[in-house]
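All figures in this text were calculated on a predicted structure; none of them were measured in a lab. Labels below follow one simple rule: chain letters A, B, ... track the order of the sequence lines, proteins then strands, and each chain is numbered from 1.
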Amino acid sequence: MPELPEVELYCRYFAGHALGRGVAAVRVLDARILGVREHVLRRALIGREFVDVRRHGKHLFASAGTSWLHLHFGMSGDLAFYRDDAEAPRFARVVFDFEDGNHLAYDDMRLFGVVDVTPDPDVFIAEHRLGPDPLDPAFHLRDFRQIVSKRRGAVKSLLMSQEIIAGMGNLYADETLYRSSIHPRRTVDGLSDAEVKMIFTNMRAILKEAITFKSRGGDYPGRYLVQHREEGDRCPQCGGTIQRTVVFGRTTYFCAKHQTLPRRKK
DNA sequence: TTCCATGTTCCGCA
DNA sequence: TTGCGGAACATGGA
């Protein structure tokens, strides 16, 4: 599930449950999830306390003093805080046992996520060449224009490339283009200034909205494309037909009526 | 049984 | 150099 809004909620969940708690033990239930040797993870956390938590794109960083726990959630990662072992989630891969008897499990059915340790989130971000976080207040339209001007190819590919913009995934890329009335296969160099601005504005609005209604436990509104991810469904915005295709290797939905491709010369 | 899944990485090709 | 297509990874649900 996790794209930027979901990881933002995990971040808040971590802040609400794990900050200020001392780590008594780290149990690795499936070492395939680790991006670091088990003893390095344990040494970094045991006997320490989580004092800060940050997010960049889809990545979560939690400070334990001198080093940071890094979590990436892949396709099915999740967090679960609980007291009673009977409440442990089914696919718990790493469990952090706190000194006060509570536990935080990193749960990930499909094992595409990563649990590891980094000395500094900023170094991690640089090393992994992650682009700016779209909700960073320091990320402005002029920065986005700068990025866009150096690119070609399909606009959806741009939105999904983590080294360009960190945090957008398949769903929110589709949602952004849907609201912007732009076909996912439009090429970046063919976008007008107004369209680039619309993508920038809608991308941030949608991510913020998603955080808001998800934090209230709600679902996406019916006007969202994500509620209509089915070939042949009716577009709630214009009544057009929802179509399915593949862009950047991912299943892509769009409205055939209000997200159109420019005519191509033969 | 087969296909699909909200992510990332790596390789080959144009 | 840039970008894309495809495959791989691991697992469960429709």
Side-chain angles (χ1 to χ4, degrees), chain A residues 1-11 28-36 55-60 70-79 89-94 106-116 118 124-125 127-131 133-135 147-179 183-191 203 206-207 209-211 213-215 218-221 224-231 233 242 244-254:
Chain A
M1 283 171 53
E3 297 183 37
L4 187 153
E6 291 75 26
V7 178
E8 174 62 28
L9 293 196
Y10 294 161
C11 216
V28 177
L29 278 43
D30 191 325
R32 289 175 295 175
I33 203 68
L34 296 182
V36 67
R55 179 190 62 70
H56 185 92
K58 304 173 191 173
H59 300 260
L60 183 153
H70 163 244
L71 301 179
H72 190 275
F73 297 90
M75 292 276 263
S76 54
D78 200 359
L79 292 176
R90 185 171 166 200
F91 300 103
R93 307 300 188 183
V94 177
Y106 174 91
D107 180 83
D108 186 5
M109 178 183 85
R110 290 175 65 185
L111 289 167
F112 285 170
V114 177
V115 175
D116 67 353
T118 180
F124 181 95
I125 290 163
E127 282 179 354
H128 292 256
R129 301 191 176 164
L130 294 176
D133 185 285
L135 293 188
I147 289 167
V148 168
S149 68
K150 292 182 198 158
R151 283 239 139 196
R152 292 173 291 131
V155 61
K156 177 166 177 177
S157 311
L158 170 123
L159 294 180
M160 286 191 66
S161 298
Q162 299 300 300
E163 68 274 20
I164 304 299
I165 304 283
M168 299 280 286
N170 197 30
L171 247 53
Y172 292 100
D174 276 4
E175 202 68 52
T176 297
L177 295 171
Y178 172 77
R179 191 177 294 187
H183 191 290
R185 234 191 279 277
R186 287 275 304 280
T187 53
V188 174
D189 47 346
L191 296 173
M203 162 175 79
I206 285 166
L207 294 172
E209 286 169 23
I211 291 168
F213 52 65
K214 287 204 160 201
S215 67
D219 198 359
Y220 303 93
Y224 269 55
L225 172 64
V226 66
Q227 296 287 17
H228 304 272
R229 286 177 83 78
E230 193 178 343
E231 179 112 63
D233 208 335
I242 301 300
R244 175 198 156 119
T245 182
V246 173
V247 181
F248 201 55
R250 307 307 302 272
T251 302
T252 299
Y253 292 90
F254 65 100

Could I get a table of every N or O pair under 3.5 Å where one atom is in the protein and the other is in nucleotides 1-3 of chain B?
none

Requested in this report: Drop me the distance from A:Glu3's CD to A:Phe73's CZ, to the nearest 0.5 angstrom.
Outcome: 14.0 Å
Query raised in the report: What's the CZ-C1' distance between A:Arg244 and B:dA5, to the nearest Å?
Result: 10 Å
Report task. Indicate yes or no: at least one non-hydrogen side-chain atom of A:Pro134 is less than 4.5 angstrom from one of A:Leu207. Result -> yes
**Report entry** Non-neighbouring partners of A:Phe124 that pass ring pair (Phe, Tyr, Trp, His ring centres under 6.0 Å), sequence neighbours left out
**Finding:** A:His59, A:Phe61, A:His70, A:His128
Query - Spacing of the P atoms in C:dG6 and B:dC3 (rounded, Å) - result: 16 Å
Can you pull every protein N or O that's under 3.5 Å from an N or O on nucleotides 7-10 of chain B?
unit_1	atom_1	unit_2	atom_2	d
B:dG7	OP1	A:Lys58	NZ	2.9
B:dG7	OP2	A:Asn170	N	3.3
B:dG7	OP2	A:Arg250	NH1	3.1
B:dT8	OP1	A:His72	NE2	2.8
B:dT8	OP2	A:Lys58	NZ	2.9

Query raised in the report: Should the pair A:Tyr220 and A:Tyr172 be assigned to parallel (<30°), tilted (30 to 60°) or perpendicular (>60°) ring geometry?
Result: tilted
Query raised in the report: Within 45 degrees of the axis of the six-membered ring of A:Phe248 and under 6.0 Å from its centre: does A:Arg185 put its NZ or CZ there?
Result: no
Query - Between P of C:dA8 and CG of A:Leu111, the distance in whole Å - result: 19 Å
Query raised in the report: For DNA chain C, which consecutive runs of 3 or more Watson-Crick or G-U pairs (each distance under 3.5 Å) count as stems?
Result: B:2-5 with C:11-14, B:7-14 with C:2-9
Query - Nearest heavy atoms of A:Gly77 and A:Pro2, plus distance in Å - result: O-CG, 3.9 Å
Report task. Say whether, by atom type as modelled, one donor and one acceptor occur between the side chain of A:Gln162 and the main chain of A:Gly131 under 3.5 angstrom. Result -> no
**Report entry** Flag, side chain of A:Arg32 to backbone of A:Leu34, donor-acceptor distance under 3.5 Å
**Finding:** no
Polar-atom pairs under 3.5 Å, protein N or O versus N or O of nucleotides 12-14 of chain C: list them with distances, or write none.
none

Query raised in the report: Is any side-chain nitrogen or oxygen of A:Ser76 closer than 4.0 Å to OP1 or OP2 of B:dT6?
Result: no
Query raised in the report: A:Tyr253 and A:His228: side chain to side chain contact (heavy atoms under 4.5 Å, CB included), yes or no, with the steps?
Result: CA-CA 9 Å; A:Tyr253 292 90; A:His228 304 272; over 6 Å; no
**Report entry** Point-to-point distance, once rounded to the nearest 0.5 Å, from OG1 of A:Thr118 to CD of A:Glu127
**Finding:** 6.5 Å
Query raised in the report: Do the side chain of A:Asp174 and the main chain of A:Val226 share a donor and acceptor less than 3.5 angstrom apart?
Result: no
**Report entry** A:Leu159 CG - B:dT6 C1' separation (whole Å)
**Finding:** 15 Å
Query raised in the report: Which whole-number value in Å describes the distance from A:Tyr224 OH to B:dT6 P?
Result: 18 Å
Query - Interatomic distance where CG belongs to A:Asp174 and C1' belongs to B:dA5 [whole Å] - result: 14 Å
Give me the distances for all protein-to-nucleotides 1-5 of chain C N/O pairs that come in under 3.5 Å?
unit_1	atom_1	unit_2	atom_2	d
C:dG3	OP1	A:Arg152	N	2.9
C:dG3	OP2	A:Arg151	NH2	3.0
C:dC4	OP1	A:Ala154	N	2.8

Query - Nearest heavy-atom neighbours spanning A:Asp108 and A:Ser76 - result: OD1-OG, 2.5 Å
Requested in this report: Verify, without hydrogens or angle tests, whether A:Tyr106 (side chain) and A:His72 (backbone) share a donor-acceptor contact under 3.5 angstrom.
Outcome: yes
Query raised in the report: Is a side-chain donor or acceptor of A:Lys214 paired with a backbone partner of A:Asp219 at a separation under 3.5 angstrom?
Result: no
Report task. State whether A:Arg32 places a side-chain N or O below 4.0 Å from either non-bridging phosphate oxygen (OP1 or OP2) of C:dT11. Result -> yes
Query raised in the report: Quick one: are A:Ile242 and A:Glu230 in side-chain contact, heavy atoms under 4.5 Å?
Result: no
Query - Whole angstrom value for the distance that separates P of C:dT11 from CG of A:Leu29 - result: 14 Å
Query - A:Arg129/A:Glu163 salt bridge by N-O under 4.0 Å criterion - result: no
